[in-house]
Every structure is written in structure tokens, then in C-alpha cells.
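Notes follow once the structure below has been shown.
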Protein chains: 2
Amino acid sequence: MFSKACEYGIKASIYIATNSYDGHRVSLKEIAQKIDSPEAFTAKILQDLVRHKIIRSAKGAYGGFEIPKNEISEVKLSQIVNAIDGDSIYRGCGLGLHVCDENHPCPVHDQFKDIRTQLKDMLQNTNLEQLALDIKSGVSFLKL
Amino acid sequence: MFSKACEYGIKASIYIATNSYDGHRVSLKEIAQKIDSPEAFTAKILQDLVRHKIIRSAKGAYGGFEIPKNEISEVKLSQIVNAIDGDSIYRGCGLGLHVCDENHPCPVHDQFKDIRTQLKDMLQNTNLEQLALDIKSGVSFLKL
DNA sequence: CTTAATTCGGATAAATTTATCCTATTTGTA
DNA sequence: TACAAATAGGATAAATTTATCCGAATTAAG
């Protein structure tokens, strides 16, 4: 579904959100441990999210990553996915045709239509606050 | 969504179906041209589908690939996807957790639930006959 | 001012996926 | 039987994704 990079990006963003919620900045090292991801690779992904202004970073001692409290509920899953994987998951053709629309549909265009729409809506309507609160309350988990 | 291999596999199967419908066996060369895929790579995928008994092959002159007429409507997209990509698209965790179920859900488990179910149902309920007929009647297309 | 803890960024390596090439084998037809 | 047209399959290459390493820059604290 998503690339590894995207999975790490989503999990890292959620972990950062849970901590920003409490006003805590978190380091790359801590993030990688908590979401069980390779540290250096995760660093690249976080840099990418920083460039896309989805998260913020602070260099130097006591530095780390954070999301301004008032922005946590504004960050949608779709932004993270878009930044890392692009929008082809819910925009591109299911069979990889370059042209695929109502006028020139691929064989599974109709079958995929609802699924794509639902996926797109879900990603656009799910924000980091919801996800972070479930982690904080122990309802959901970031590893295993 | 799917790997390139899987996309080629689905398109090839549909093209073979449209021809088997008319009692015509088709060669690798013809298939690759009609679905716009790399020939040698497509050969590997077709071999795989043959091993999974989803399509049949005939060696030698006048050989090629076919699907017994009475089986065309029995081949579901899910079988092709399973043979090539496995079932992780609609079985695995959206964030790649090794354990992810109702008791230990990942942060997006609930959000993905419906989408997975819908995708799974669609793949299991869509057969090659439907798709092939749309191609034959010019309603849908295998390339561009 | 020095040090330690960080992120940043470039280079590189490993793993996987995608793609190509070549030879062997099979098989229908002349 | 010889030939040509196919699939089968192994080896290899190219491209992409995933992952690691290391030095530079930044910054808070002592």
C-alpha cells in the first residue's frame, strides 16, 4: 500500500505529535526506538517532512522534532503520504495506465473508483490529533 | 497499489481471456505488444501464472497462452494478485506492523478496515470474463 | 570557550524490483 | 527429418527503494 518510507513517516509523525501534545521535543534516536525504524533512514524521511513544513526541527543540544500544538489537529494523513509517496495511490490508475479516466478507462477503473475515493477521503479526514490521542490512551500502538 | 509485475499480470490475463473467449491462443510477443509491457519480464510473470494454474501455456510452434473457456469466469482478480504480490495488500497492516489486530491495532487500523474489506471483496468478486467483455466491446482499454 | 548532543547533507552500500539476454526444449509443418 | 516458432529457465544487468556511514553545522549548558 504505502512505501516503507511512508510507513515510517506516518508513525514518526504520530509519535512526535503525542509528545508535542505535552510540549516535549523528541530526538531522532528516541523516535526510531519508539517506532522501531532504522535511525539513519528515518532521519532522511524526517528531513523531508521538515522541508514540507509538516513537522519542525531544532538543531543542536536539546534539539529534536516537534509539531506546534495548534497544528497537530491540522496535519492530515494525506499531507504526509503526499510528501513521501505522492498522490498516485488515490490518483493514479490501478493498472498503471498513463491515461485512465471516464473516457478511456482501464479494465478495473470502475471497480477501483469507490475504493480510491474512500481511501482519499479517509486520508484527508484523518488528522494527527486523533491518532496521537489513541496512542496516548493505549488504544493503539506504534510497534510490534 | 500493486507492483508492476502484478499490473502486467492482470492486463496480460485479461488480454488472454479476450482471445481465449474466441478460441484463440496468443503468443508472449502479441501479449506484450497489446498491453505495452516489456516482453521478457512479462514472460516471467506468465510463467508464474502458469505455475499457479491460472493460465495455460502451449510450447512450440503455434503455441502460446490461453485460459480454458469455461474457466474464464472462474478466475478472480484476487487469484492473480495473490499469485504475484501475495495477500498483504488486503491482509497486512497499513503501517507494516507485524502484529496488528483488534487487540493490538496500529494507529490507522480502524480507518483502514473498511477500505481493506472493500478492496478484498472487489478482488474476490471480479472475474476475468467481466473485464474481458468490456475490452472486447471497446468500453475499457489495456494501454495508453 | 569548550563540550556534548543534536540535526543536516552528501556519499555509499545493500536489498529488492524491474528488465534484458541467451540457451535449451518443445512442437507443428513442410 | 529439418526448420521455424514458441515457451522455459538460468544468469545477469539496470533501476529503484531501503539503509548505513561520516563529517559539517548548530546550539544549549557548564
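Below, all heavy atoms of this structure are taken into account, side chains as well, without hydrogens, waters or symmetry copies. Note on naming: letters A, B, ... go to the chains in the order of the sequence lines (proteins, then strands), and numbering restarts at 1 for each one.
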Legend entry - nucleotides 1-6 of chain D: protein proximity per nucleotide (B base, S sugar-phosphate only, - neither; heavy atom, under 4.0 Å): ----BB
Legend entry - Test side-chain hydrogen bond (donor to acceptor under 3.5 Å, both in side chains) applied to B:K136 and B:D22, B:T18, B:N19, the passing residue: B:D22
Inset, instruction - Kindly compute the distance separating SG (B:C106) from CG (B:L95), expressed to the nearest 0.5 Å. - result: 4.0 Å
Legend entry - Donor-acceptor side-chain pairing of B:S3 and B:D85 below 3.5 angstrom: yes
Inset, instruction - Indicate yes or no: does B:E66 engage B:R25 in a salt bridge with an N to O separation below 4.0 Å. - result: yes
Legend entry - Heavy-atom pair of closest approach, residues B:I72 and B:A17: CD1-O, 3.8 Å
Legend entry - Atom-pair distance (CZ on B:F41; C1' on D:dA8), nearest Å: 16 Å
Legend entry - B:E102/B:K113 salt bridge by N-O under 4.0 Å criterion: yes
Inset, instruction - Please state how far atom NZ in B:K44 lies from atom C1' in D:dA8, giving the value in whole angstrom units. - result: 8 Å
Inset, instruction - State, yes or no, whether a side-chain contact exists between A:D110 and A:P105 at a heavy-atom distance under 4.5 Å. - result: no
Legend entry - Nearest-nucleotide pick for B:S57, side chain only, options being D:dT7, D:dT20, D:dA11: D:dT7
Legend entry - Heavy-atom side-chain proximity of A:L133 to A:V139 below 4.5 angstrom: no
Legend entry - 4.5 Å side-chain heavy-atom contact, A:P38 and A:Y8: yes
Inset, instruction - Under 4.0 Å from any heavy atom of chain A: name the first and the last nucleotide of DNA chain C that qualifies, 5' to 3'. - result: C:dA5 to C:dA11
Legend entry - Residues in contact with DNA chain D, drawn from residues 8-22 of chain B - heavy-atom cutoff 4.0 Å: none
Legend entry - Side-chain N,O (B:R51) to OP1/OP2 (D:dG9) below 4.0 Å: yes
Legend entry - Candidate pair B:N82 and B:Y90, rule side chain to side chain donor-acceptor pair (under 3.5 Å), full reasoning: CA-CA 10 Å; B:N82 258 273; B:Y90 52 86; 2.6 Å; yes
